[in-house]
Each structure stands twice: as structure tokens, then as C-alpha cells.
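So the structure is just underneath, and the comments pick up after that.
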Number of protein chains: 2
Amino acid sequence: MPSRKTNPEFMTGVPELLILRLLTEREMYGYEIVQAIEAATGEAIKVGEGVVYPILHALEEQGCLSSRKKPVNGRTRVYYAATATGKKRLGLLMGEWQRITEAVGAVVKGTKHANA
Amino acid sequence: MPSRKTNPEFMTGVPELLILRLLTEREMYGYEIVQAIEAATGEAIKVGEGVVYPILHALEEQGCLSSRKKPVNGRTRVYYAATATGKKRLGLLMGEWQRITEAVGAVVKGTKHANA
DNA sequence: ACTCATTACCTCGTAGTTCAAGGTATAATG
DNA sequence: CATTATACCTTGAACTACGAGGTAATGAGT
């Protein structure tokens with residue numbers, strides 16, 4: 001029942017994580033982020049603009065990102081950068097991500113580690 | 001905007017993957033799967049019955065699972081097992097899972113591997 | 001000049017998912 | 001006799017990714 005073309009499964013929250021991660025290194029604009037994700041994942045993950053822009057706006061509204069407009073060759077780019085709040089949120093998401101991936105990995109390999 | 005109580009993020013498709021994986025090892029019934037996932041992931045992932053049962057029904061309808069009713073102590077259990085189709089689907093999902101996790105991992109650690 | 005691809009921003013509707021809460025019924029426990 | 005555990009199930013709400021579409025400006029090709 002997935003029947004999606006690009007990234008069929010396992011994508012909830014991933015775009016937000018990637019965007020937040022990229023914007024802690026350097027400031028970028030939306031259109032740039034779309035291509036940066038494609039490049040950084042070696043074509044493995046492609047997120048459209050319809051995914052990126054709404055996340056950018058939501059994160060800014062939450063105080064996770066700051067933005068500034070910059071005119072380049074007559075066109076206007078909106079550059080985003082992660083704030084302190086955004087970095088805190090990124091830490092949370094990375095922890096969540098690790099928790100989930102480790103748990104899934106444990107089940108996929110039938111490792112019955114009886115801990116705790 | 002997560003504001004979810006149990007597993008806030010990164011959970012799309014994961015229940016289906018785990019269920020399919022468990023049912024390739026031995027046949028299980030719904031209520032058992034709920035607890036098996038909790039146990040196998042060391043409490044890291046908890047999926048409710050409201051998640052498990054619909055997936056079970058959908059997978060059976062797709063031919064990924066076979067079911068048989070078994071009365072135990074007056075109660076009726078519905079045991080599910082993965083079919084050949086189900087195992088094929090599991091292979092697909094595991095491949096997808098690996099692709100996504102590797103891609104995300106590469107971005108999280110700023111590994112700029114210029115390949116291809 | 002004219003056309004087309006690229007850059008760069010954006011919104012909307014649809015589909016698919018998880019989740020909590022609730023509903024039914026039997027067996028075991030106190 | 002009441003409560004918990006077993007065991008099945010459905011439903012409504014909330015969220016998210018996705019594709020398609022819309023607006024403009026720039027640059028290249030012809």
C-alpha cells in the first residue's frame with residue numbers, strides 16, 4: 001500500500017532532521033537545501049520543495065530557525081540558519097533517531113539481548 | 001509539532017517491518033506481537049493494538065500473511081505467519097530501511113563522500 | 001525576438017500512517 | 001463478586017510526505 005514514487009517508507013520526521021542538521025553547519029536557502037539533501041545522500045533521499053518550504057516556515061515559527069533575505073542577481077533568496085533552540089531540537093531528534101534505528105536493528109537481526 | 005506520547009517520530013513503516021520480521025521466524029497472534037515488539041526492543045518501541053491489527057489485516061489481504069484460528073482455553077487466537085510473498089516484501093522493506101538509515105547517517109555525520 | 005530550462009519562492013489537496021480511546025467477550029485472580 | 005489479564009476489533013483525530021500546480025526573474029539557445 002505504499003505506492004509512493006520517491007521515498008516510499010520510513011520518512012516521517014527525516015526531512016526535518018536533515019534540514020536542521022544542514023542548517024547547523026551553514027546558512028542555506030530552500031531551493032539549495034533540496035539539492036543539498038539529494039547530493040549529500042547520494043540520490044538516496046530526495047525531498048521536494050513542497051516538503052522543504054512548509055518545514056522551514058514551521059521551524060522558524062517555533063524559533064528553531066532564523067531567516068534573512070538576500071537579493072542575488074535580482075532574485076531574492078531567503079537564507080535560514082539554526083538558532084540555539086533549533087540545535088537543541090536537533091539533539092532531541094538525533095537521539096530519537098538513534099533509539100529507533102537501534103531498536104529496529106536489534107529486531108531485524110534476531111539478537112535477543114535480555115537486558116534490564 | 002510532534003506532541004505524540006509514545007513514539008514521536010521516525011515511525012512510518014516501522015511497525016509493518018517489525019511485524020513482518022517477527023512472523024518469518026514463528027507464527028504469532030496479534031496480542032502476542034504487541035508484547036513481543038515491546039520486549040524485543042527493550043521498551044524502546046511500543047506499538048498499540050490499534051496499530052497492529054489493521055496492519056495484520058492489510059498484509060493478509062495482500063497475501064503477505066496467512067492466518068489460522070486456534071482455540072486456546074476457550075479463547076480464540078488468530079495466528080499469523082509470513083508467506084513467500086510476505087518474505088519478499090520483508091526483503092524489500094529491509095533494503096529500503098537500510099538505504100534510508102545509511103543516507104541519514106551520512107548526513108548526520110558530515111561525511112561528504114563524493115561518489116559517482 | 002522568441003522559447004525553454006533553470007533558479008527561487010510558495011500553496012493546496014490527497015493519501016497514507018500512527019495513535020489513543022473505546023468496544024466486546026472470556027478466563028483467571030483476589 | 002469485582003478487577004485484571006487475555007484477545008479480538010474499529011473509529012476519529014492528528015500529523016506528514018508527496019505531487020501538482022502557480023508566480024517570477026534570469027540565462028541560454030536559436
Side-chain angles (χ1 to χ4, degrees), chain A residues 1-20 27-38 41 45-62 67-80 93 96 100 103-104, chain B residues 1-20 27-38 45-62 65 67-80 93 96 100 103-104:
Chain A
M1 321 289 253
S3 67
R4 282 294 172 77
K5 272 79 182 281
T6 46
N7 309 305
E9 303 276 1
F10 313 124
M11 280 296 289
T12 344
V14 168
E16 184 186 349
L17 173 64
L18 296 181
I19 289 169
L20 230 24
E27 68 172 6
M28 296 173 87
Y29 54 99
Y31 191 81
E32 186 185 7
I33 292 172
V34 170
Q35 301 163 151
I37 290 177
E38 201 172 319
T41 62
I45 295 177
K46 302 185 190 187
V47 287
E49 303 171 35
V51 174
V52 169
Y53 287 116
I55 292 177
L56 251 18
H57 300 155
L59 285 175
E60 186 179 19
E61 203 172 1
Q62 292 166 49
S67 72
R68 66 191 185 93
K69 282 171 194 159
K70 208 180 184 181
V72 177
N73 292 2
R75 279 193 217 87
T76 311
R77 292 180 184 164
V78 187
Y79 279 87
Y80 293 89
L93 289 180
E96 254 326 299
I100 300 292
V104 172
Chain B
M1 310 131 107
S3 68
R4 280 294 173 73
K5 272 79 182 283
T6 47
N7 307 308
E9 301 277 0
F10 313 123
M11 281 296 291
T12 345
V14 168
E16 184 185 351
L17 173 64
L18 297 181
I19 289 169
L20 230 26
E27 67 173 7
M28 296 173 87
Y29 54 100
Y31 192 81
E32 187 186 8
I33 292 172
V34 171
Q35 301 163 152
I37 289 177
E38 199 174 320
I45 295 177
K46 301 185 187 186
V47 286
E49 303 172 34
V51 174
V52 169
Y53 286 116
I55 290 177
L56 251 19
H57 301 154
L59 284 175
E60 186 179 19
E61 203 172 359
Q62 292 167 47
L65 299 179
S67 71
R68 66 190 185 93
K69 282 171 194 159
K70 207 179 184 182
V72 178
N73 292 4
R75 279 193 218 89
T76 310
R77 291 179 184 165
V78 187
Y79 278 87
Y80 293 88
L93 289 181
E96 255 326 299
I100 301 291
V104 172

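So you know, we letter chains A, B, ... as the sequences are listed, proteins then strands, and number each from 1. Computed from a prediction, not measured in an experiment: that's the story for all the values here.
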* Asked: Among the nucleotides dA7(D), dC8(D), dC9(C), which one has an atom lying closest to any side-chain atom of R75(B)?
  -> dA7(D)
* Counting side-chain heavy atoms from CB outward, which of dT6(D), dC10(C), dT18(C) is closest to E49(A)? -> dC10(C)
* If you check the V51(B) side chain, which of dA8(C), dC8(D), dC19(C) turns out closest? -> dC19(C)
* dC9(D) phosphate, OP1 or OP2: any side-chain N/O from Y53(B) under 4.0 angstrom? -> no
* Side chain of M11(B) (C-beta onward), nearest among dC19(C), dA25(D), dT10(D) -> dC19(C)
* Separation of Y31(A) atom OH from dA25(D) atom C1', in whole Å? -> 13 Å
* Asked: Roughly how many Å is it from CD1 in I55(B) to P in dC9(D), rounded to a whole number?
  -> 14 Å
* Asked: Of the candidate nucleotides dT11(C), dC19(C), dC8(D), which contains the atom at the shortest distance from the side chain of V47(B)?
  -> dC19(C)
* Are any of Y29(B)'s side-chain N or O atoms less than 4.0 Å away from OP1 or OP2 of dC8(D)? -> no
* **Sugar-phosphate only, base, or nothing, as touched by V72(B) at under 4.0 Å among non-hydrogen atoms** => nothing
* Asked: Is R77(A) salt-bridged to E32(A), going by a charged N under 4.0 Å from an acidic O?
  -> no
* Would you kindly give the CD-to-C1' distance between Q35(B) and dT4(D), to the nearest whole Å? => 14 Å
* Looking at dA7(D), dC10(C), dC8(D), which one has an atom nearest to any side-chain atom of Y80(A)? -> dC10(C)
* Verify the contact: side-chain N or O of H57(B) to OP1 or OP2 of dT10(D), cut-off strictly under 4.0 Å; return yes or no. => yes
* Asked: Hey, does G48(B) reach any base, or is it just sugar-phosphate, or nothing, if we go heavy atoms under 4.0 Å?
  -> nothing
* Kindly assign one of parallel, tilted or perpendicular to the pair Y79(A) and Y29(A), based on the angle between their ring planes and the thresholds 30° and 60°. => perpendicular
* Measure the distance from CD on E38(A) to P on dT7(C) and round it to the nearest whole Å. => 12 Å
* The side chain of N73(B) lies closest to which of these nucleotides: dA7(D), dC9(C), dA28(C)? -> dA28(C)
